[in-house]
Amino acid sequence: MSKFNIMETTVAKVQAAYLDGTLTCRELCEDYIARIKAYDHEGPAINSIICVNPKALEEADAFDAYVKEHHALCGPLHGIPVMLKDNFNTTDMPTTAGSIALEGWVPDKDAFVTKKLREAGALILAKTNLHEFAIWGETISSVMGQSVNPYDPTRTPGGSSGGSAAAVAAEECFAALGSDTGGSIRQPASYCGVVGMKPTYGTVSRYGLIAYGSSLDQIGPLTKDVTDCATVLEAITSHDPKDST
């Protein structure tokens with residue numbers, strides 16, 4: 001476990017600690033994995049995480065090796081643990097959309113936003129719970145059950161991106177991505193007291209998203225900090241010919 005205080009920290013502070021040697025990506029990931037065990041799976045049992053990346057620490061070591069060799073960062077999100085709502089395709093973890101109908105399915109291609117996060121240097125730490133197939137304003141799925149609000153486990157974190165908002169609010173990661181059709185980023189951000197943004201339609205490619213309503217769906221970040229929200233949004237925003245909008 002690191003001596004670095006992960007509570008209410010920012011991307012900039014963590015990356016400065018990477019560069020001055022007071023924190024490693026492995027230590028940070030170990031801290032977050034410990035919080036997931038203590039608060040998501042046990043304790044208040046927030047139940048926001050469907051799957052933790054089994055290679056997270058191995059990937060963290062690679063980021064640490066890069067800093068040691070180059071004395072620099074590989075991208076704007078170098079070594080930053082990020083989570084994805086589990087309706088974004090990932091080639092190294094299952095993508096369930098919260099449904100037992102897709103349990104165990106591993107896509108053969110990453111979603112566009114997954115690819116962009118990796119290119120920016122982010123570490124995909126986990127996949128988060130969502131309302132099944134992202135169709136309602138709570139977060140209850142047949143693959144995971146019900147997520148709860150970290151501030152009051154008797155209440156909902158909202159939905160359908162409630163798992164992402166709850167994970168960020170519980171300090172289990174810096175940022176998570178959600179999808180928003182009619183409020184599915186904005187409502188959970190409000191309920192969980194985090195920053196959430198639904199970008200202008202067409203700003204972020206939906207390629208590799210298991211969609212709910214393609215004429216309205218948009219992908220956006222949930223973070224604890226407005227600057228971090230902007231950093232993540234910039235990383236995932238780019239033209240994509242595979243999304244006609």
Side-chain angles (χ1 to χ4, degrees), residues 1-4 6 9-41 48-96 104-129 163-164 167-168 170-178 208 219 221-224 228 231-236 238:
M1 303 295 289
S2 73
K3 296 180 180 179
F4 186 90
I6 65 173
T9 192
T10 66
V11 169
K13 290 178 182 178
V14 163
Q15 292 185 331
Y18 285 164
L19 291 171
D20 69 20
T22 57
L23 178 69
T24 66
C25 186
R26 171 176 270 267
E27 289 171 335
L28 183 64
C29 284
E30 287 175 340
D31 286 348
Y32 279 130
I33 290 169
R35 285 190 66 82
I36 291 168
K37 180 180 179 182
Y39 297 106
D40 207 83
H41 298 161
S48 67
I49 309 299
I50 288 179
C51 173
V52 175
N53 181 355
K55 294 184 177 180
L57 296 181
E58 180 182 327
E59 293 177 17
D61 287 341
F63 286 119
D64 291 333
Y66 185 96
V67 171
K68 186 175 182 179
E69 179 180 354
H70 298 281
H71 306 288
L73 305 174
C74 69
L77 292 174
H78 173 105
I80 299 300
V82 176
M83 296 184 183
L84 300 177
K85 183 178 180 179
D86 201 24
N87 59 344
F88 297 112
N89 287 354
T90 48
T91 57
D92 52 355
M93 286 177 277
T95 299
T96 69
W105 177 63
V106 180
D108 59 4
K109 293 181 180 178
D110 278 336
F112 181 83
V113 291
T114 307
K115 180 172 177 278
K116 293 298 290 183
L117 287 172
R118 295 192 204 277
E119 289 173 353
L123 190 156
I124 310 301
L125 182 61
K127 305 293 288 292
T128 61
N129 198 27
S164 291
V168 171
E171 305 276 3
E172 295 172 355
C173 62
F174 278 93
L177 292 191
I219 295 167
L222 295 116
T223 65
K224 295 282 285 200
D228 287 354
T231 300
V232 174
L233 180 61
E234 185 173 9
I236 62 174
S238 179

Open item on the list: So, taking the atom named CG in Asp228 and the one named CG in Leu233, what distance separates them when rounded to the nearest 0.5 Å?
Closed with: 12.5 Å

Open item on the list: Could you work out, with side-chain hydrogen bond (donor to acceptor under 3.5 Å, both in side chains) as the rule, every residue matching Asp40, not counting sequence neighbours?
Closed with: Ser48

Task: Interatomic distance, Asp31 atom CG to Lys3 atom NZ [nearest 0.5 angstrom] - done: 13.0 Å

Open item on the list: If the condition is side-chain hydrogen bond (donor to acceptor under 3.5 Å, both in side chains), which residues does Thr128 pass it with, not counting sequence neighbours?
Closed with: Ser164

Open item on the list: So, taking the atom named SG in Cys25 and the one named CD in Glu59, what distance separates them when rounded to the nearest 0.5 Å?
Closed with: 9.0 Å

Task: Set of residues satisfying salt bridge (charged side-chain N to carboxylate O under 4.0 Å, His left out) with respect to Glu171, sequence neighbours excluded - done: Lys224

Task: Non-neighbouring partners of Arg26 that pass salt bridge (charged side-chain N to carboxylate O under 4.0 Å, His left out), sequence neighbours left out - done: Glu30, Asp61

Output side-chain donor-acceptor pairs under 3.5 Å for residues 79-89, partner residues at least two apart or in another chain, one line each.
residue: Lys85; atom: NZ; partner: Ser160; partner atom: OG; Å: 2.7
residue: Lys85; atom: NZ; partner: Ser161; partner atom: OG; Å: 2.9
residue: Lys85; atom: NZ; partner: Ser179; partner atom: O; Å: 3.2
residue: Lys85; atom: NZ; partner: Ser179; partner atom: OG; Å: 2.8
residue: Asp86; atom: OD1; partner: Lys127; partner atom: NZ; Å: 2.7
residue: Asp86; atom: OD2; partner: Thr96; partner atom: N; Å: 3.0
residue: Asp86; atom: OD2; partner: Thr96; partner atom: OG1; Å: 2.6
residue: Asn87; atom: ND2; partner: Ser179; partner atom: OG; Å: 3.1

Task: side chain to side chain contact (heavy atoms under 4.5 Å, CB included) against Lys109, all qualifying residues, sequence neighbours excluded - done: Tyr207

Task: Over all atoms of both residues, closest heavy-atom pair of Phe4 and Ala17 - done: CE1-CB, 3.8 Å

Task: Arg118: partners by side-chain hydrogen bond (donor to acceptor under 3.5 Å, both in side chains), with sequence neighbours left out - done: Asp92, Asp110

Task: Val106 versus Thr91, closest heavy-atom pair with distance - done: CG1-O, 3.3 Å

- [ ] Can you measure from CG (Leu123) to NZ (Lys55) and round to the nearest 0.5 angstrom?
- [x] 12.5 Å

Task: For His71, ring pair (Phe, Tyr, Trp, His ring centres under 6.0 Å) partners two or more places apart - done: none

- [ ] Drop me the distance from Leu19's CG to Leu73's CG, to the nearest 0.5 angstrom.
- [x] 4.5 Å

Task: Qualifying residues under side-chain hydrogen bond (donor to acceptor under 3.5 Å, both in side chains), relative to Asp108, sequence neighbours excluded - done: none

Task: Set of side chain to side chain contact (heavy atoms under 4.5 Å, CB included) partners for Glu119, sequence neighbours left out - done: Lys115, Lys116

Open item on the list: Please enumerate all residues that pass side chain to side chain contact (heavy atoms under 4.5 Å, CB included) together with Ala120, with sequence neighbours excluded.
Closed with: Pro76, Leu77, Ala235

Task: Intermediate values then yes/no, side-chain contact (heavy atoms from CB on, under 4.5 Å), Phe174 and Thr223 - done: CA-CA 6 Å; Phe174 278 93; Thr223 65; over 6 Å; no

- [ ] With side-chain contact (heavy atoms from CB on, under 4.5 Å) as the test, would you mind laying out the steps for Lys68 and Asp64 before giving the verdict?
- [x] CA-CA 6 Å; Lys68 186 175 182 179; Asp64 291 333; over 6 Å; no

Open item on the list: If I compare all heavy atoms of Ile49 with all of Ala126, which pair ends up nearest, and what's the gap?
Closed with: CG2-CB, 3.8 Å

- [ ] With side-chain contact (heavy atoms from CB on, under 4.5 Å) as the test, would you mind laying out the steps for Leu57 and Ile33 before giving the verdict?
- [x] CA-CA 10 Å; Leu57 296 181; Ile33 290 169; 4.1 Å; yes

Open item on the list: For a side-chain contact (heavy atoms from CB on, under 4.5 Å) check, start with the C-alpha distance between Leu177 and Val232, then their side-chain angles and the critical distance, and finish with the verdict.
Closed with: CA-CA 9 Å; Leu177 292 191; Val232 174; 3.9 Å; yes

Task: Reported OH-to-NE2 distance for the pair Tyr18 and His78, which is rounded to 0.5 angstrom - done: 6.5 Å

- [ ] Only counting residues at least two apart or in another chain, list the ones meeting side chain to side chain contact (heavy atoms under 4.5 Å, CB included) with Lys13.
- [x] Thr9, Thr10

Open item on the list: For the CZ atom on Phe112, are there more than 12 heavy atoms of other groups (residues, nucleotides or ligands in this structure) within a distance under 6.0 Å?
Closed with: yes

Task: Heavy-atom pair of closest approach, residues Asn53 and Met93 - done: CA-SD, 3.5 Å

